[in-house]
Amino acid sequence: MAIGVFDSGLGGLTVHQAIAARLPDLPVVYLGDNAHAPYGVRTADDIFDLTCRGVERLWAEGCDLVILACNTASAAALKRMQETWLPADKRVLGVFVPMIEALTERAWGDNSPPRRVAVNNVALFATPATVASRAFQRELAFRAVGVDVEAQPCAGVVDAIEMGDEQLAEALVASHVEALMRRMPFPEAAVLGCTHYPLMQDAFQRALGSQVKVFSQAGLVAESLADYLTRRPEFVGPGTRSMYLTTGDPARVGGKATQFLRRAISFDPA
Ligand code: DGL
């Protein structure tokens with residue numbers, strides 16, 4: 001009875017943490033592809049190959065359902081995986097849709113036609129690959145009309161987090177927020193469209209100001225997963241053990257994870 005959570009590195013831990021809080025009895029296997037992070041500056045083909053490899057590794061741990069806790073992989077690879085690669089007895093779910101459903105005030109899985117929603121001006125912060133894919137705007141257009149999205153590719157933030165350099169990450173966040181606000185001075189909502197960014201959520205909120213509502217994915221993904229598993233319990237795989245795996249150096253990755261989440265986390269080699 002296990003599910004898998006995959007990210008290019010540390011960011012998916014924000015989603016893992018929310019899933020563990022929402023579904024405490026569910027064993028979860030986490031895999032961070034730290035050896036190949038960041039994904040946000042890679043080509044779509046590269047991201048597809050790396051993501052498929054990571055998901056296969058999680059299948060080997062008995063996780064038939066894998067959450068791509070990575071917007072970059074969700075944006076650049078998920079559709080192709082579902083259309084060309086995924087066997088019928090496995091599921092891979094992304095992190096985009098739950099957040100867009102929340103932003104557009106929809107119940108999970110409500111596929112009714114697009115309509116007007118409360119927010120008109122939305123700031124999107126994401127990796128260069130996610131911004132280039134325009135996947136956020138595409139998914140939003142299925143659900144809402146009249147929403148203006150200004151997207152900021154936040155180069156360098158994931159690298160700084162993976163290096164454990166919080167000061168650099170904070171300075172980069174401030175400069176990306178400033179750059180976006182020059183183009184959209186009064187966003188009503190800001191979407192943290194990279195699972196690494198909640199590790200810097202306070203810095204985003206400070207730079208944006210308290211009047212901007214910041215949406216981050218972790219809690220929303222956990223909630224929609226809980227709902228999905230009540231409808232499709234057969235996709236909880238045969239694995240029984242929770243663990244953290246990394247393609248990087250387990251001691252180093254465990255140290256950075258402990259630093260950012262402020263609790264001890266130890267990793268095993270993938
Ligand atoms: N956490 C990934 C995301 O949500 C990180 C991307 C990266 O590795 O650049 O996009």
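Residue numbers count from 1 along this sequence.
Between the side chain of Gln217 and the backbone N or O of Val95, at least one donor-acceptor pair lies under 3.5 Å. Looking only at distances, a side-chain donor or acceptor of Arg42 sits under 3.5 Å from a matching main-chain atom of His36. The main-chain N or O of Ala179 is never found under 3.5 Å from a side-chain atom of Gln152 such that the two would form a donor-acceptor pair. Within the 3.5 Å criterion, the main-chain N or O of Val253 finds no donor-acceptor partner in the side chain of Thr246. At distances below 3.5 Å, not a single donor-acceptor pair connects side-chain atoms of Arg138 with backbone N or O atoms of Phe136. Side-chain atoms of Arg22 never come within 3.5 Å of backbone atoms of Val221 as a donor-acceptor pair (strictly under, hydrogens ignored). Using a distance-only test at 3.5 Å, with no hydrogens or angles considered, a donor-acceptor pair links the side chain of Gln82 to the main chain of Val92. Listed for the Tyr30 side chain is a donor-acceptor partner under 3.5 Å among the backbone atoms of Leu13.
Nearest approach of Thr84 to Arg80, heavy atoms of both residues: OG1-O, 2.6 Å. Between Thr72 and Ala129, the closest heavy-atom pair is CG2-CB, 3.7 Å. In terms of heavy-atom proximity, Pro250 sits nearest to Pro269 at CG-N, 3.8 Å. Nearest heavy atom pair, residue Pro27 against residue Ser242, reads CA-OG, 3.3 Å. Of all heavy-atom pairs spanning Thr51 and Ala73, the tightest one is OG1-CB, 3.5 Å. Shortest non-hydrogen contact noted between Ala190 and Leu208 is CB-CD1, 3.6 Å.
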Please determine whether side-chain contact (heavy atoms from CB on, under 4.5 Å) holds for the pair Tyr228 and Arg91, giving the CA-CA distance in whole Å, both sets of side-chain angles, and the decisive distance to 0.1 Å.
CA-CA 11 Å; Tyr228 184 85; Arg91 282 289 181 278; 3.3 Å; yes

Give the C-alpha distance, both sets of side-chain angles, the deciding distance and a yes or no for salt bridge (charged side-chain N to carboxylate O under 4.0 Å, His left out) between Arg53 and Asp49.
CA-CA 6 Å; Arg53 217 184 300 158; Asp49 291 341; over 6 Å; no

Please test Arg115 against Arg143 for side-chain contact (heavy atoms from CB on, under 4.5 Å), starting from the C-alpha separation and ending with a verdict.
CA-CA 6 Å; Arg115 53 178 181 257; Arg143 296 168 178 84; over 6 Å; no

Determine, stepwise, if the pair Glu139 / Thr104 fulfils side-chain contact (heavy atoms from CB on, under 4.5 Å).
CA-CA 11 Å; Glu139 291 295 336; Thr104 55; over 6 Å; no

Should Val66 and Val5 be marked as a side-chain contact (heavy atoms from CB on, under 4.5 Å) after you check the CA-CA gap, both sets of side-chain angles, and the distance that decides it?
CA-CA 6 Å; Val66 175; Val5 174; over 6 Å; no

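For Arg232 and Asp89, the salt-bridge test fails: no basic side-chain N is under 4.0 Å from an acidic carboxylate O. Electrostatic pairing of Asp202 and Arg206 does not count as a salt bridge here, judged by no charged N lying under 4.0 Å from a carboxylate O.
Ile19 and Leu31 are not part of a single hydrophobic cluster, where members link through side-chain heavy atoms under 4.5 Å apart. Linking Ile, Leu, Val, Met, Phe, Trp and Tyr residues whenever their side-chain heavy atoms come within less than 4.5 Å places Met200 and Leu10 in a single cluster. Using a 4.5 Å cut-off between side-chain heavy atoms of Ile, Leu, Val, Met, Phe, Trp and Tyr, with links allowed through other members, Leu103 and Phe96 fall into the same hydrophobic cluster. No chain of hydrophobic side-chain contacts below 4.5 Å, direct or via other Ile, Leu, Val, Met, Phe, Trp or Tyr residues, connects Leu65 to Leu78. A single hydrophobic cluster is seen to contain both Leu26 and Ile265, as judged by linkage of ILVMFWY side chains at heavy-atom distances under 4.5 Å, directly or through other members.
Between the side chains of Asp33 and Tyr39, at least one donor-acceptor pair of N or O atoms lies under 3.5 Å. Checked by atom type, the side-chain pair Asn34/Glu162 shows a donor-acceptor distance below 3.5 Å. Residues Glu166 and Gln259 bring a donor and an acceptor atom of their side chains to less than 3.5 Å of each other. In this model, no donor atom of one side chain and acceptor atom of the other lie less than 3.5 Å apart for Thr14 and Thr195. Counted by atom type alone, Thr130 and Thr127 present one or more donor-acceptor pairs between their side chains at under 3.5 Å. Arg106 and Ser112 share a side-chain donor-acceptor pair at under 3.5 Å.
Both cation-pi conditions hold for Lys213 and Phe215: the charged atom is under 6.0 angstrom from the six-membered ring centre and inside a 45 degree cone around its axis.
Around the CZ atom of Arg134, the shell of radius 6.0 Å holds no more than 12 heavy atoms that belong to other residues, nucleotides or ligands. Few gaps surround NZ on Lys90; more than 12 heavy atoms of other groups in view lie less than 6.0 Å from it. The neighbour count for Gln167 CD, taken as heavy atoms of other residues, nucleotides or ligands under 6.0 Å away, does not exceed 12. Enclosure of atom CZ in Arg241 is not indicated, since only 12 or fewer non-hydrogen atoms of other residues, nucleotides or ligands lie within 6.0 angstrom.
Of the inter-residue distances, the one linking Ile3 atom CD1 with Cys63 atom SG reads 7.5 Å to the nearest 0.5 angstrom. Taken to the nearest 0.5 Å, the CE atom of Met163 stands 9.0 Å off from the CZ atom of Arg252. Residue Ser216 holds its OG atom at 13.0 Å from OH of Tyr197, rounded to the nearest 0.5 Å. Interatomic distance, Glu223 CD to Leu23 CG, rounded to the nearest 0.5 Å: 8.5 Å. Considering CG of Asp159 and SG of Cys154, their distance stands at 12.0 Å, rounded to 0.5 Å. How far CG of Leu124 is from SG of Cys194: 10.5 Å, rounded to the nearest 0.5 Å.
Side-chain contact between Leu199 and Leu261: present, with at least one pair of heavy atoms (C-beta onward) separated by less than 4.5 Å. Annotation: side chain of Cys52 is in contact with side chain of Met81 (closest heavy-atom distance under 4.5 Å). You'll find the side chain of Thr258 stays beyond 4.5 Å of the side chain of Arg263, heavy atoms only. With contacts defined as side-chain heavy-atom distances shorter than 4.5 Å, the pair Ile67/Phe6 does not qualify. Taking the side chain as every heavy atom from C-beta outward, Asp110 and Glu101 never approach each other to under 4.5 Å. Looking at heavy atoms from C-beta onward, Val173 lies out of side-chain contact with Glu170 at the 4.5 angstrom threshold. Here the side chains of Arg57 and Leu245 are in contact, with some heavy-atom distance below 4.5 Å. Pro187 places none of its side-chain heavy atoms less than 4.5 Å from the side chain of Glu150.
Between Tyr244 and His16, the angle of the ring planes lies from 30° to 60°, which puts this pair in the tilted group. Classification of the Trp85-Trp59 ring pair by plane angle, with boundaries at 30° and 60°, yields parallel.
If you run side-chain contact (heavy atoms from CB on, under 4.5 Å) between Glu188 and each of Asp148, Val147, Asn121, Val122, only Asn121 comes through. The one candidate from Leu180, Val214, Val131 that meets the side-chain contact (heavy atoms from CB on, under 4.5 Å) condition with Phe125 is Leu180.
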